[in-house]
Structures are given as C-alpha cells and as structure tokens.
Amino acid sequence: MTTFNAAGKWLIDQQHQTLVNPQSSGFTWRHNEIIHLGDNSAAEHMRNKLLRVNPETAQLNAAPISITVSDNILNGCFGELFSQYPDYEALTWDRLDDTVLVTVTEDSSFITLSPECKARYGVTNSTDYPTLLVKIKTDKALSFAKITAVRPVQFPASAEVGNAPNDGIEGLAFDNAGNIYLALEQNAANAPMIFQTKYDSAFWQQDDYVKVQDSAFALPLPDTKDHPINDLDYLPAPKLAIRDIW
C-alpha cells in the first residue's frame, strides 16, 4: 500500500514569503515541477503570470513569468480581452510539443465583440463572448511565455450549455490518442459535462471554431445542489488481460 501525505502547503516566493492571492485556477505537472496559473480574481500583480512551483516545498523555482501576447492576437477579434486581464481557467501542456501550454478563458462578460467579429464568432451555443482555447508558447526551460494563437469553442446546441459566463470550462486534459477534453462546470440543467475534440499538429494553424462533442462520460446526475467541476486530468488505466476481467 502506498501512503500519500495530503497536507497542504502555502505557496511561497523565492524569499520565503507567502504569495498574496494568486487565485489558483490552473495547475499542470511538467518536467518535475507544478506550473500554476491564476484567474482574473487574483491580486493584480499576480495576474497573467505563470508560476513554477517546487512540489516538495511549494516554493517558486523562479520569479513569476509574465505572459505576453503576440501582435496578431492583439490586432484580432479577441485583442481587447487579451490587452486586459482574461479570466483563465485550467492549464495543461501539449503532449505533441512540451513547449506549448494550453489554457482556456471563462468569464469574458466585461468585453463585447465588434459587430464584424460577432458575425464570425457569435454562434457559440453558450455565452455571448466565446470560450477561448489559448496557446501559450514557451521553451523547455520555461524562461518566457507568449500567447501566439487563440481559437473559440462552439458547443453542440443539444448540450444546452446555457449563457452562464462564470460556469464555463474549468478543466483541460489530453489523452494518449490525440484528444483534448474540456470539463464544463455545469450546464443549464445544473449538470457537469466533459467535452472532447481531436487535437493534432495543425490545431493552432486554424482560426475557426473548435467544435467539441459530448464525451458521453458517466457523471453525477443533477439535483437541487451544484455539481461543479473545477479541474480535470487524464490517468491511463493499466491494460487488463482476459484473466483479469474474469
């Protein structure tokens, strides 16, 4: 039997000071360290930052890394959002290229698309302002971070996601078969959902909708209480032999 110590630790900086309101919303395990991303409720000096965290000590391995934005994004349909403080939720890394991190935006209700962009990206079957998958380009050492591509998500109408800006995608995960999964906190029926779509080397070369489909995973049924999903990860199960099944 393996025993894990579940006691938590406060995140501390390189001077051993506790971080002030990092508002943790995304974590991923990469190269033996935890990469942290906060959302739009973080203290202002902690927004749009990646943190490299030592999993043993909870201390930062480096100074916070500012996330910059490429000019093509700032000059595009979603430039106004990325010139401010996007509400990032979830974080994972590209299994085809470990120098790419992927996050997703949630509550962007404080921004309005231009009429031209609304005509192009207004059919989300969810919120008025699209949920955006975001590519963050870095290097193996994670010495810099730059947003170089963005794609809006279109949900199937049958999912009845609803127009709830703060009940959006809260988790991202890749499997080993070329899929990325998006975990919805809750839909209009108060139920969590997990969507999926194919992901390959050409994914970020496109700028049209990412059309996701319901994964059909069995999840808790809704009742009068909330069933929010706030994170997601993929753990491959061991292959079973016939003798294990019987």
K.L.:
Do L50 and L91 pass the side-chain contact (heavy atoms from CB on, under 4.5 Å) test, and can you show the C-alpha distance, the side-chain angles, and the key distance before you say yes or no?
P.N.:
CA-CA 10 Å; L50 290 175; L91 186 67; 4.3 Å; yes
K.L.:
Flag the pair L142 / R30 as yes when at least one side-chain heavy-atom distance between them is below 4.5 Å, and no otherwise.
P.N.:
yes
K.L.:
Between Y234 and F174, is the ring centre distance below 6.0 Å?
P.N.:
no
K.L.:
Please go through I34's hydrophobic cluster and name the other residues, only I, L, V, M, F, W, Y counting, with side-chain heavy atoms under 4.5 Å joining them.
P.N.:
L11, L19, F27, W29, M46, L51, V53, L60
K.L.:
Are the charged groups of D97 and K137 less than 4.0 angstrom apart, N to O?
P.N.:
yes
K.L.:
Would you tell me whether N179 and D175 have side-chain atoms, one donor and one acceptor, within less than 3.5 Å of each other?
P.N.:
yes
K.L.:
Measure the CH2-OG1 distance between W10 and T18 for me, rounded to the nearest 0.5 Å.
P.N.:
8.0 Å
K.L.:
Side chains of L184 and V161, heavy atoms from C-beta outward: is any pair under 4.5 Å?
P.N.:
yes
K.L.:
Closest approach of L113 and P130, non-hydrogen atoms and distance?
P.N.:
CD1-CD, 3.7 Å
K.L.:
Are Y121 and Y129 an aromatic pair by the rule of ring centers under 6.0 Å?
P.N.:
no
K.L.:
Has R95 got a side-chain atom pairing as donor or acceptor with W93's backbone, closer than 3.5 angstrom?
P.N.:
yes
K.L.:
Could you go through the side-chain contact (heavy atoms from CB on, under 4.5 Å) check for I136 and V100 one step at a time?
P.N.:
CA-CA 6 Å; I136 303 175; V100 170; over 6 Å; no
K.L.:
Say whether, by atom type as modelled, one donor and one acceptor occur between the side chain of Q23 and the main chain of A43 under 3.5 angstrom.
P.N.:
no
K.L.:
So, N54 and Q59: side-chain donor and acceptor under 3.5 Å apart, yes or no?
P.N.:
no
K.L.:
Which residues pass the side-chain hydrogen bond (donor to acceptor under 3.5 Å, both in side chains) test with D208, not counting sequence neighbours?
P.N.:
R151
K.L.:
Of all the heavy-atom pairs spanning N166 and D87, show the shortest one and how long it is.
P.N.:
OD1-OD2, 4.3 Å
K.L.:
Do you reckon I35 sits in the same ILVMFWY cluster as V134, going by side-chain contacts under 4.5 Å, direct or chained?
P.N.:
yes
K.L.:
Can you tell me how far apart CG (N21) and CZ (R47) are? Round to the nearest 0.5 Å.
P.N.:
8.5 Å
K.L.:
Roughly how far, to the nearest 0.5 Å, is OG1 of T148 from CG of D71?
P.N.:
12.5 Å
K.L.:
How long is the gap from CD on E160 to CG on N187, to the nearest 0.5 Å?
P.N.:
7.5 Å
K.L.:
Evaluate the side-chain hydrogen bond (donor to acceptor under 3.5 Å, both in side chains) criterion for residues K146 and T138: first the C-alpha distance (whole Å), next the side-chain angles of each, then the deciding distance (0.1 Å), finally the verdict.
P.N.:
CA-CA 7 Å; K146 187 173 188 175; T138 181; over 6 Å; no
K.L.:
Counting C-beta onward and ignoring hydrogens, is there a side-chain heavy-atom pair between F155 and I169 closer than 4.5 Å?
P.N.:
yes
K.L.:
With rounding to the nearest 0.5 angstrom, report the CG to CD distance, D200 to Q205.
P.N.:
8.5 Å
K.L.:
Would W204 and L172 show up in the same hydrophobic cluster when neighbours are defined by side-chain heavy atoms closer than 4.5 Å?
P.N.:
yes
K.L.:
Just one of L101, N48, T28, I67 clears the side chain to side chain contact (heavy atoms under 4.5 Å, CB included) bar with L37, so which one?
P.N.:
I67
K.L.:
May I ask you to decide if I194's main-chain N or O and S215's side chain share a donor-acceptor pair within less than 3.5 Å?
P.N.:
yes
K.L.:
Considering residues, nucleotides and ligands other than E56, do more than 12 of their heavy atoms fall under 6.0 Å from its CD?
P.N.:
no
K.L.:
Go through it in stages, so that I can follow the logic: the residues are V123 and Q154, the test is side-chain contact (heavy atoms from CB on, under 4.5 Å), and I'd like the CA-CA distance, side-chain angles, deciding distance and then a yes or no.
P.N.:
CA-CA 7 Å; V123 185; Q154 186 182 67; 3.9 Å; yes
K.L.:
Locate the shortest heavy-atom distance separating Y209 from R120; write the atom from each residue and the value.
P.N.:
OH-O, 3.5 Å
K.L.:
Please find the pair of heavy atoms, one from A62 and one from R52, that lie closest to each other, and give the distance.
P.N.:
CB-NH1, 3.9 Å
K.L.:
Show the nearest heavy-atom pair for residues K9 and A58, with the distance to one decimal.
P.N.:
CB-CB, 3.7 Å
K.L.:
Do P236 and N176 make a side-chain contact, defined as non-hydrogen atoms from C-beta onward lying under 4.5 Å apart?
P.N.:
yes
K.L.:
Between N61 and E33, do the side chains contain a donor N or O and an acceptor N or O under 3.5 Å apart?
P.N.:
yes
K.L.:
I'd like to know if M193 and L182 are part of one continuous hydrophobic network [Ile/Leu/Val/Met/Phe/Trp/Tyr, side-chain heavy atoms within less than 4.5 Å].
P.N.:
yes
K.L.:
List the atom of E80, the atom of T112, and the distance in Å for their closest heavy-atom pair.
P.N.:
OE1-O, 4.0 Å
K.L.:
Answer yes or no: is there a donor N or O on one side and an acceptor on the other, between the side chain of T68 and the main chain of A145, under 3.5 Å?
P.N.:
yes
K.L.:
Determine, stepwise, if the pair Y85 / E44 fulfils side-chain contact (heavy atoms from CB on, under 4.5 Å).
P.N.:
CA-CA 9 Å; Y85 294 116; E44 189 167 346; 3.2 Å; yes
K.L.:
Say whether D94 and Y199, considering side chains only, have a donor N or O and an acceptor N or O under 3.5 Å apart.
P.N.:
yes
K.L.:
Does T105 use its side chain to pair, donor to acceptor, with the backbone of Y88 at less than 3.5 Å?
P.N.:
no
K.L.:
If I take atom OG from residue S108 and atom CG from residue L81, how far apart are they, to the nearest 0.5 angstrom?
P.N.:
4.5 Å
K.L.:
Supply the members, apart from L235, of the Ile/Leu/Val/Met/Phe/Trp/Tyr cluster built from side-chain contacts under 4.5 Å; use none for a lone residue.
P.N.:
none
K.L.:
Counting N and O atoms only, with roles assigned by atom type, does the side chain of E106 sit under 3.5 Å from a partner on the main chain of G168, one being a donor and the other an acceptor?
P.N.:
yes
